[in-house]
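Reading through the structure tokens given below for one structure.
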Number of protein chains: 2
Amino acid sequence: MGISTQTMNKSDIKLIAVLERTGGFASAQELHQILRREGDGIGLTTVYRALQSLVDDKIVDLLRREDGEAIYRLCGDTHHHHLVCKSCGDTVEIEGGAIEKWAKTMAEEFGFRDVGHTAEIFGICSKC
Amino acid sequence: MGISTQTMNKSDIKLIAVLERTGGFASAQELHQILRREGDGIGLTTVYRALQSLVDDKIVDLLRREDGEAIYRLCGDTHHHHLVCKSCGDTVEIEGGAIEKWAKTMAEEFGFRDVGHTAEIFGICSKC
DNA sequence: TCACAAAATGAAAATGATTATCATTTCCAA
DNA sequence: TTGGAAATGATAATCATTTTCATTTTGTGA
């Protein structure tokens, strides 16, 4: 019972590999382009299908970018947050230990379970 | 300078009124349908435009449903974060003291100025 | 090895939210 | 009143995602 690892196929594995390589945080379209660029002729449909089944099997997390586009990352990855420059677009990956605790505490306080969170900081970097 | 309340027009006010009346969150499409049902011939384009300007002016909050659709809600002026139920959409406004500190610390560490941040927690509420 | 059914694949079309265009209407100051 | 700016909304365009469906691959039993 439970997670059906049996149903994993080549496409699923390809997607996991790319997510590992890229640090696990990309949209379906981006993942497709990366695979294409690497010479893999995989179709967009298959990318979507594989990602969906990986999400169903709780192997990858599905989050949303600010514009609503779906982004995926491997579960269990220590996930990081971003510090983004509003001017030049430069991005720094940062730790969010405080956030993890905050999210956990708040979720418990209000009786929520199965929780995730998003957090981003944006500002103007020193170069701009 | 600051928030341009001067630029508020009739459509903006209509949207605020509907959001007040309906309470919780609603998508642009839903808000449009409600207004239409009430006999208002407002166009979808205008609904999107009004919502966007209200978001720019920080009069309404923009969040995302699980499928990525944008949902809007009137927000109080105190800066807060959200705890959103992925299942029923129920939302709790929560304090983010830890986040404010985290954002400030990180921004300083990397030399960013004029910083803001976003942070949301999502999960399954006790009722679901 | 062969045949064949089930699973996987991907091109192309469909969908649905959101945004861009643009001609028309409303509003307001001179 | 009038001229121009702002607002409006129908329509078309975008873009991510899903469906459809015909084709290919795969695995398995004979």
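The analysis underlying the following values was restricted to heavy atoms, covering all of them including side chains, and did not include hydrogens, waters or symmetry mates. Throughout, protein chains are lettered first and strands after them, A, B, ... in sequence-line order, and every chain is numbered starting at 1.
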> Between atom CD1 in B/Ile13 and atom P in C/dC27, what is the gap in whole Å?
Replying inline: 13 Å

>> What is the separation between atom NE2 on A/His32 and atom P on D/dA16, rounded to the nearest whole Å?
In response: 13 Å

>> In this structure, how many angstroms lie between the P atom of D/dC15 and the OH atom of A/Tyr48, rounded?
In response: 13 Å

> Where do A/Val47 and A/Ala28 come nearest, in terms of heavy atoms and distance?
Replying inline: CG1-O, 3.7 Å

Pairs under 3.5 angstrom, nitrogen or oxygen only, protein versus nucleotides 6-10 of chain C, please.
from	atom 1	to	atom 2	distance (Å)
C/dT9	OP1	A/Ser11	OG	2.7
C/dT9	OP2	A/Asn9	ND2	3.4
C/dT9	OP2	A/Ser11	OG	3.1
C/dG10	OP1	A/Gly41	O	3.4
C/dG10	OP2	A/Gly43	N	2.9
C/dG10	OP2	A/Thr46	OG1	2.7
C/dG10	N7	A/Arg49	NH2	2.6
C/dG10	O6	A/Arg49	NH1	3.4

> Can you name the residues that form a side-chain contact (heavy atoms from CB on, under 4.5 Å) with B/Leu62, not counting sequence neighbours?
Replying inline: B/Val55, B/Arg64, B/Ala70, B/Tyr72

>> Taking side chain to side chain donor-acceptor pair (under 3.5 Å) as the definition, give me every residue that meets it alongside A/Ser53, ordered by chain and number, with sequence neighbours left out.
In response: A/Asp12

> When the distance from CG of A/Asp67 to C1' of D/dT17 is rounded to whole Å, what number comes out?
Replying inline: 13 Å

>> Test your reading of the model: is there a side-chain donor-acceptor pair from A/Asp67 to the backbone of A/Glu69, 3.5 Å cut-off?
In response: yes

>> In this structure, how many angstroms lie between the C1' atom of C/dG16 and the CD1 atom of B/Ile71, rounded?
In response: 17 Å

>> Strictly by salt bridge (Lys or Arg N to Asp or Glu O under 4.0 Å), give each pair with a member in residues 106-117 of chain A just once, sequence neighbours left out.
In response: none

> Considering the terminal five base pairs at each end of the helix from C/dT1-D/dA30 to C/dA30-D/dT1, what angle separates the two local helix axes, rounded to 10°?
Replying inline: 10°

>> Tell me the interatomic distance from A/Asp56, atom CG, to D/dT18, atom P, rounded to whole angstroms.
In response: 11 Å

> Rounded to whole angstrom units, what separation is found between the CG atom of B/Leu31 and the C1' atom of C/dT18?
Replying inline: 14 Å

>> Between C1' on C/dT19 and CD on B/Gln29, what's the gap in Å once rounded to a whole number?
In response: 12 Å

>> Strictly by ring-ring contact (aromatic ring centres under 6.0 Å, His included), give each pair with a member in residues 39-60 of chain A just once, sequence neighbours left out.
In response: none

>> A side-chain contact here means heavy atoms from C-beta on lying under 4.5 Å apart; do A/Met8 and A/Leu54 qualify?
In response: yes

Mind listing the side-chain donor-acceptor pairs of residues 30-40 of chain B below 3.5 Å, one per line with the distance, residues two or more places apart or on another chain?
from	atom 1	to	atom 2	distance (Å)
B/Glu30	OE1	B/Ser27	N	2.9
B/Glu30	OE1	B/Arg65	NH2	3.4
B/Glu30	OE2	B/Arg65	NH2	2.7
B/His32	NE2	B/Ile42	O	3.0
B/His32	NE2	B/Leu44	N	3.4
B/Arg36	NE	B/Ile42	O	3.1
B/Arg36	NH2	B/Gly41	O	3.4
B/Arg36	NH2	B/Ile42	O	3.1
B/Glu38	OE1	B/Arg21	NH1	3.2
B/Glu38	OE2	B/Arg21	NH1	2.5
B/Asp40	OD1	B/Lys14	NZ	3.4
B/Asp40	OD1	B/Ile42	N	2.8
B/Asp40	OD2	B/Lys14	NZ	3.0

> When all nucleic acid strands are considered with a 4.0 Å heavy-atom cut-off, which category describes B/Glu69: base, sugar-phosphate, or nothing?
Replying inline: sugar-phosphate

> Quick one: side-chain contact (heavy atoms from CB on, under 4.5 Å) partners of A/Ala103, sequence neighbours excluded?
Replying inline: A/His117, B/Ile121

